[in-house]
Amino acid sequence: MATPDDIRRMALALPEVAEADHHGIPSFRVRGKIFCTIHVATPRMMVKLDPEDQRNLAEAHPGVVEAVPGYWGRKGSTFVWYEHINAPLMEVLLRMAWTNAAPKRLIR
């Protein structure tokens with residue numbers, strides 16, 4: 001089971017990540033681009049994934065990984081109910097989201 005502190009620690013361990021407020025919730029950014037937010041009122045986070053990765057992960061983890069409703073979800077914004085995932089999956093999701101937002105020179 002992951003916690004907000006686990007998410008924060010793993011996100012900040014990625015290269016050039018900064019934490020900033022985003023409408024009252026913590027967000028994690030690389031070069032100003034948000035790749036993850038932590039919702040504190042509910043045990044979920046949002047990660048920005050490739051839409052195909054989002055579909056595959058939602059199929060593999062029903063009820064745990066799901067598209068954000070509407071436009072943002074169609075573009076890859078994905079809710080993850082973090083109380084139901086383990087640390088290795090959390091790391092994979094954060095790395096995937098970070099890779100989608102980071103400049104190519106950082107990904108190498």
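- The backbone N or O of G76 sits less than 3.5 Å from a side-chain atom of T78, completing a donor-acceptor pair.
- Rounding to the nearest 0.5 angstrom, the gap separating the OG1 atom in T99 from the CG atom in L106 is 10.0 Å.
- Note that OH of Y82 and CE of M1 are 9.0 Å apart. Values are rounded to the nearest 0.5 Å.
- Taking F79 as the reference, H39 meet the ring-ring contact (aromatic ring centres under 6.0 Å, His included) condition, with sequence neighbours excluded.
- Minimum heavy-atom separation, A102 to I107: O-CD1, 3.7 Å.
- Summarising the geometry of A97 relative to V47, their closest heavy-atom pair is CB-CB, 3.8 Å, with the distance given to 0.1 Å.
- The minimum heavy-atom distance linking D21 with R29 is given by the pair O-NH2, 3.4 Å.
- With sequence neighbours excluded, no residue forms a side chain to side chain donor-acceptor pair (under 3.5 Å) with R74.
- In this structure, the separation between CG on D6 and CE on M45 is 10.5 Å, given to the nearest 0.5 Å.
- In this structure, I25 CD1 and M46 CE are separated by 7.5 Å, a value rounded to the nearest 0.5 Å.
- Once rounded to the nearest 0.5 Å, the distance linking NE2 of H22 with SG of C36 reads 11.5 Å.
- The nearest pair of heavy atoms linking P26 to V40 is CD-CG1, 4.3 Å.
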Which pairs of donor and acceptor atoms, one on a side chain in residues 84-91, lie under 3.5 Å apart (sequence neighbours left out)?
| residue | atom | partner | partner atom | Å |
| --- | --- | --- | --- | --- |
| N86 | OD1 | L89 | N | 3.0 |

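- Hydrophobic clustering (ILVMFWY, side-chain heavy atoms < 4.5 Å, transitive): L12 and V80 are in one cluster.
- Remark: side-chain polar atoms of Q54 are not paired, donor with acceptor, to backbone N or O of E66 under 3.5 angstrom.
- For the atom pair CD1 of I38 and CZ of R44, the computed distance is 13.0 Å after rounding to the nearest 0.5 Å.
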Exercise. Can I34 and F28 be said to form a side chain to side chain contact (heavy atoms under 4.5 Å, CB included), step by step?
Worked result: CA-CA 6 Å; I34 295 174; F28 300 91; over 6 Å; no

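- Between P15 and V30, the shortest heavy-atom contact is O-CG2, 3.9 Å.
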For this session: Apply side chain to side chain contact (heavy atoms under 4.5 Å, CB included) to L57 and M96, showing your working.
Result: CA-CA 11 Å; L57 287 159; M96 290 171 79; 4.1 Å; yes

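- Note on V92 and V17: same hydrophobic cluster, where clusters join Ile, Leu, Val, Met, Phe, Trp and Tyr whose side-chain heavy atoms are under 4.5 Å apart, directly or indirectly.
- Taking both residues in full, the closest heavy atoms of W98 and F35 are given as N-CD1, 3.7 Å, listed atom of the first, atom of the second, then distance.
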